[in-house]
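Below is one structure, written out as structure tokens, with a few remarks after it.
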Amino acid sequence: MSKKKALITGVTGQDGAYLSQLLLGKGYEVHGILRRSASAEVIDARLKWLDIAEQVTLQDGNLTDISSLIRIIQKVEPDEIYNLGAQSFVKSSWQQPVLTGQVTAIGVSNILEAVRIVAPQARFYQASSSEMYGLIQEPMQSEKTPFYPRSPYAVAKLYGHWITVNYRESFGLHASSGILFNHESPLRGIEFVTRKITDGVARIKLGKAKTLALGNLDAKRDWGHARDYVKAMWLMLQQDKPDDYVVATGRTETVREFCRLAFGHVGLNYEDHVVVDSRFMRPAEVDVLLGDSSKARKFLGWAPETTLEQLAAEMVEADLKRNTA
Ligand code: GDP
């Protein structure tokens with residue numbers, strides 16, 4: 001049997017890197033769509049960090065350019081397509097709301113159209129987000145909880161979510177959507193709060209900084225490990241029927257608690273170093289997220305394998321290494 005082929009948008013991001021690693025381990029031929037940028041030398045840094053850059057074939061394209069998507073899908077003939085590409089940082093979505101809509105919302109239409117035109121038999125995964133719950137309508141959010149997006153990012157993700165459902169229902173595509181709660185790792189972008197904290201801890205521990213400026217310490221998130229979460233993506237595409245699944249740990253903690261864990265890992269007290277700076281507050285906040293992943297646990301046999309304590313420790317250790325390198 002010939003190798004299965006996967007095509008990943010957002011392959012240079014955190015999830016793209018872990019998903020590539022998972023699929024390569026399963027014997028897939030992995031292709032990723034690369035959005036050209038001036039800083040070419042850092043583009044495959046995450047793939048390099050996992051030591052898989054040589055094994056992933058990068059294709060030049062862009063979610064906002066449907067012709068590039070059509071050509072790539074024609075050339076690669078993928079069995080599975082994972083749409084992980086997005087303008088993914090909530091805070092930036094207020095600074096660049098139109099771009100966020102073009103990439104994170106209309107980009108999904110572009111790739112779904114390309115799939116429908118060129119490879120309607122391919123299986124499709126859409127990276128939906130817990131941010132779609134925003135101003136939460138139920139204390140624990142499941143696939144049945146109504147959405148209430150609170151940022152241009154979340155509004156765009158909601159479009160991507162529903163257009164995926166619509167293409168499944170309209171055209172019979174094998175299109176599934178994973179509503180993933182926050183997932184972190186040493187490969188998380190430094191603009192996100194967990195990585196900003198673990199990098200700050202490392203710099204303070206190594207004497208390179210004294211304080212760490214953060215925004216709302218009372219926000220609560222259900223944080224898991226990206227390496228665990230990409231397994232759920234793959235499992236969704238192995239099912240006979242496409243569907244939507246919440247992927248979460250079922251534990252929510254404050255940003256403050258994550259600080260306590262991360263600083264505590266190196267014997268520091270976060271209260272001695274963290275300062276609150278209004279620059280990092282948001283025009284509209286998502287106060288708390290807590291996911292109910294019973295459906296994924298029952299039907300996919302998925303469960304998170306990493307605790308928040310282990311996650312924080314792994315991230316701090318990686319940032320200590322990076323900051324001494
Ligand atoms: P998000 O859930 O996708 O927005 O992930 P983030 O990691 O960017 O933010 C998680 C939460 O941390 C949000 O409620 C932020 O308001 C809060 N937060 C507090 N301080 C900071 C900060 O300095 N940077 C970021 N990114 N978030 C912060």
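Position 1 is the first residue of the sequence, and the numbers go up from there. We count ligands from 1, going down the list as the structure has it; atoms in each ligand are counted the same way.
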Starting from [atom], locate the nearest protein heavy atom and write down its residue, its atom name and how far away it is, to 0.1 Å.
atom                    : answer
atom 23 (O) of ligand 1 : K196 NZ, 2.7 Å
atom 28 (C) of ligand 1 : V193 CG2, 3.4 Å
atom 20 (N) of ligand 1 : G215 N, 2.8 Å
atom 1 (P) of ligand 1  : E131 OE2, 3.5 Å
atom 16 (O) of ligand 1 : E285 OE2, 2.6 Å
atom 5 (O) of ligand 1  : N182 ND2, 3.5 Å

Margin query: Looking only at side-chain N and O atoms, does E314 offer a donor or acceptor that is under 3.5 Å from a partner on H225?
Written below: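 Note: H225 and E314 side chains meet the donor-acceptor criterion.
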
Evaluate T249 against D222 for side chain to side chain donor-acceptor pair (under 3.5 Å), listing each step before the verdict. CA-CA 6 Å; T249 70; D222 178 333; 2.7 Å; yes

Atoms of ligand 1 less than 4.0 Å from [X] heavy atoms?
X    : result
F89  : 8 (O), 26 (N)
L214 : 20 (N), 23 (O)
V255 : 12 (O), 17 (C)
A219 : 14 (O)
V90  : 3 (O), 4 (O)

query = Can you list the steps and then say if T100 with Q87 is a side chain to side chain donor-acceptor pair (under 3.5 Å)?
reply = CA-CA 5 Å; T100 302; Q87 190 302 95; 3.2 Å; yes

Qualifying residue, where the test is side-chain contact (heavy atoms from CB on, under 4.5 Å) with I33 and the options are D60, V11, L7, V76 |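 The side-chain contact (heavy atoms from CB on, under 4.5 Å) with I33 is passed solely by L7 among D60, V11, L7, V76.
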
Q. Who pairs with R35 by salt bridge (charged side-chain N to carboxylate O under 4.0 Å, His left out), at least two apart in sequence or on another chain?
A.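 R35 satisfies salt bridge (charged side-chain N to carboxylate O under 4.0 Å, His left out) with no residue once adjacent residues are dropped.
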
- Decide side chain to side chain donor-acceptor pair (under 3.5 Å) for D243 and S176; before the verdict, give the C-alpha distance in whole Å, the side-chain angles of both, and the deciding distance to 0.1 Å. CA-CA 5 Å; D243 206 343; S176 293; over 6 Å; no

* Do the ring planes of W223 and F258 sit parallel (below 30°), tilted (30 to 60°) or perpendicular (above 60°)? ->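 Tilted, since the angle between the ring planes falls between 30° and 60°.
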
Margin query: On a heavy-atom basis, I'd like to know which of K91, E191, R282 is closest to atom 8 (O) of ligand 1.
Written below: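 Result: the heavy atom closest to atom 8 (O) of ligand 1 is in R282.
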
(Q) Going by the closest heavy atom to atom 19 (C) of ligand 1, which one wins out of N216, D287, T254? (A)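 Nearest heavy atom to atom 19 (C) of ligand 1 lies in N216.
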
W234 ring center within less than 6.0 Å of Y82 ring center
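Between Y82 and W234, the centre distance exceeds or equals 6.0 Å.
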
Could you give the distance from CD (Q59) to CD1 (I73), rounded to the nearest 0.5 Å?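 Here the rounded value is 11.0 Å.
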
Partner residues of K205 under the side chain to side chain donor-acceptor pair (under 3.5 Å) criterion, sequence neighbours left out: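 Counting only residues at least two positions away or on another chain, K205 forms no side chain to side chain donor-acceptor pair (under 3.5 Å).
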
Open item on the list: Is it the case that ligand 1 has an N or O less than 3.5 angstrom from some N or O of T194?
Closed with: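 No, no N or O pair falls under 3.5 Å.
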
| said: Just to be sure I read this right, does ligand 1 sit under 4.0 Å from the backbone of R221, its side chain, both, or neither, counting only heavy atoms? | reply: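 For R221, only side-chain atoms sit under 4.0 Å from ligand 1.
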
